[in-house]
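The structure appears right after this line, and notes come after that.
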Number of protein chains: 2
Amino acid sequence: MQLTPFVKTESPNPDPKRYPMPFTRLEIAVMSLVDGELQVLLARRAEAPYAGKWALPGGVLRIDLDASLDAAARRVMRERLGLDLPFLRQLCAAGGPTRDPRAPWALSVVYRALVPAETVNPLAGKRIEALAWRRVDDAIADRGLAFDHSTLVSRAVESTRAEVERLDLPVGFLPEQFTLGELQSCCEQLLGRRLDKSSFRRRLADRQLVEPVEGAMRTGANRPAQIYRLRAD
Amino acid sequence: MQLTPFVKTESPNPDPKRYPMPFTRLEIAVMSLVDGELQVLLARRAEAPYAGKWALPGGVLRIDLDASLDAAARRVMRERLGLDLPFLRQLCAAGGPTRDPRAPWALSVVYRALVPAETVNPLAGKRIEALAWRRVDDAIADRGLAFDHSTLVSRAVESTRAEVERLDLPVGFLPEQFTLGELQSCCEQLLGRRLDKSSFRRRLADRQLVEPVEGAMRTGANRPAQIYRLRAD
DNA sequence: GGGGTTAGTTGCACAATTCAACGAAGTGTA
DNA sequence: TACACTTCGTTGAATTGTGCAACTAACCCC
């Protein structure tokens, strides 16, 4: 273990009150498969800045309310969307002086949620005119999105695709119980290509990610399918 | 118990809500292979809180100096370690009311850097008593680390191992030029298991990640080895 | 009962990875 | 000089994994 002598250049202990701190927000990229396509939930802003523009739903960090970043994201999601969802994942943080005209420096911690499409009824929440599902490719290409949110959507999509590619199941997209056909179709829509049925099932079996629900079958127009659920581990 | 309030610039449509913002810092997990083991660079704190304790080198976000989070991380690295390194990667953000006794709510954005061990010779920086390499397992297990930094180290290690697992090369660990044997050995030390030489080389060739430096050979006690460098892409 | 559709399995060709061995090229030593 | 020893780099066989296609099963509908 190598030690180096203390070299003091100048400044004293940083006093938290001496430095202005960034305007800190949480943004939530709620994604789902709607009409067979990967879509993201956008909110039309009711107020300036970017009034009338579409943005990711989000909100200001409240240090008096939030016990952690994760808790803050859950609170924002509850307030804006009326949802209380698991599978929230922190994606990244973005910060800079030009991100938000309201502040000299704005920092956003971005979370991602995957939900079954039915879960969200596009209805207005606090300070939101409207909610709508939007195809992710459109949202990424749309220069009219508020703030730097089209970049943030792009990052959310990339990381989600990468997860499915290595067969981290996009479990949030499906309800608690599902058939293997539904699971496979969900992955295929995300990746934009077909997967082989036998090897898909082989991999699932090897990794023991799901387990059949005894006796439960999904009936329909054709042969019934075994219903599965996530294995607790 | 009032933290620095969000300072508003003039804005056409003022946000009526003013919230106290979190004490925002950058922490850098500089990792390297020292003596064949994965180690992390820790700094002994010269001042309270946690004076005398070991912590990740870090610093306060300066909205007057930093054009982005990445730039802030580079500045902190320069100030604390006298280094200006590429391969800085944002890992995650952590936040909460009990993370730092100086502030009612502290947020840290954590970055990771991989460096060749030799790089960190000019060890000197602001407000740091000493710098030392520490085995990552020790740092993670050590409850005496300042703040929540042993948790942060743990996350840095996990994500680095996962990257190497999918053959994102830990290029930072090696100097600009290296032999394939050195590269493989570096990955093996990170993963803690031996890799197969032929398939390691085959994957490298397939992905065209490295290219030989014509005519350059590493000579030594045994057969000389071709020297490689990263391919620009 | 027959046609159509989806569920679930099986066999096989092919690709990828692992394991083991080999020759090449240097040093050190008798 | 001969030989042991080490690492480099490649090659081939054995094992494993993947993609493709066929097949059976179970249901609905007509």
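In what follows, every chain begins at residue 1, and chains take the letters A, B, ... in the order their sequences are listed.
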Distance-only check: which donor-acceptor pairs under 3.5 Å involve side-chain atoms of residues 212-228 of chain B, not counting sequence neighbours?
unit_1 : atom_1 : unit_2 : atom_2 : d
B:R218 : NH1    : B:E182 : OE1    : 3.2
B:R218 : NH1    : B:E182 : OE2    : 2.2
B:Q226 : NE2    : B:V213 : O      : 2.8
B:Q226 : NE2    : B:A216 : O      : 3.3

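- When side chains are defined from C-beta on, A:L183 counts as touching A:F178, because their heavy atoms get closer than 4.5 Å.
- Considering only heavy atoms from C-beta on, B:Q189 stays 4.5 Å or farther from B:E37 through its side chain.
- Panel note: side chain B:E188, backbone B:L195; a donor-acceptor pair is recorded below 3.5 Å.
- In this view, B:D35 satisfies the salt bridge (charged side-chain N to carboxylate O under 4.0 Å, His left out) rule with no residue, not counting sequence neighbours.
- Across B:I28, B:L61, B:D66, a single residue satisfies side-chain contact (heavy atoms from CB on, under 4.5 Å) together with B:V76, and that is B:I28.
- Put simply, chain B comes within 4.0 Å of DNA chain C, heavy atom to any atom, from C:dT17 to C:dT27, going 5' to 3'.
- No hydrogens or angles considered: nothing links the side chains of A:D148 and A:T151 as a donor-acceptor pair under 3.5 Å.
- Within the 4.5 Å cutoff, the side chain of A:L114 has no heavy atoms near those of the A:F87 side chain.
- The shortest distance between side-chain heavy atoms of B:L41 and B:S32 does not fall below 4.5 Å.
- Summary of helix geometry: the two end axes of the helix from C:dG1-D:dC30 to C:dA30-D:dT1, each defined by five base pairs via their C1' atoms, are inclined to each other by 10° (rounded to 10°).
- Nucleotides of DNA chain D that come within less than 4.0 Å of any heavy atom of chain A span, from the 5' end to the 3' end, D:dT18 to D:dC28.
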Legend entry - A:R78/A:R75 under side chain to side chain contact (heavy atoms under 4.5 Å, CB included): CA gap, chis, key distance, verdict: CA-CA 5 Å; A:R78 219 164 27 238; A:R75 175 184 58 75; 3.8 Å; yes
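- As judged by a 4.0 angstrom heavy-atom cut-off over every strand, A:S198 is placed among the base-contacting residues.
- Between B:D100 and B:R25, some side-chain heavy-atom pair lies under the 4.5 Å cut-off.
- Side-chain contact between A:R134 and A:D142 is present, with at least one heavy-atom pair separated by less than 4.5 Å.
- Across the interface with DNA chain D, nearest-nucleotide mapping of B:N222 and B:Y228 shows B:N222 to be the residue nearer the 5′ end.
- Across residues 175-193 of chain B, not one residue has a non-hydrogen atom less than 4.0 Å from an atom of DNA chain C.
- If B:R223 and B:G220 are placed on DNA chain C by their nearest nucleotide, the residue sitting closer to the 5' end is B:R223.
- With hydrogens and angles ignored, the 3.5 Å screen pairs no side-chain donor or acceptor of B:H149 with any backbone N or O of B:A55.
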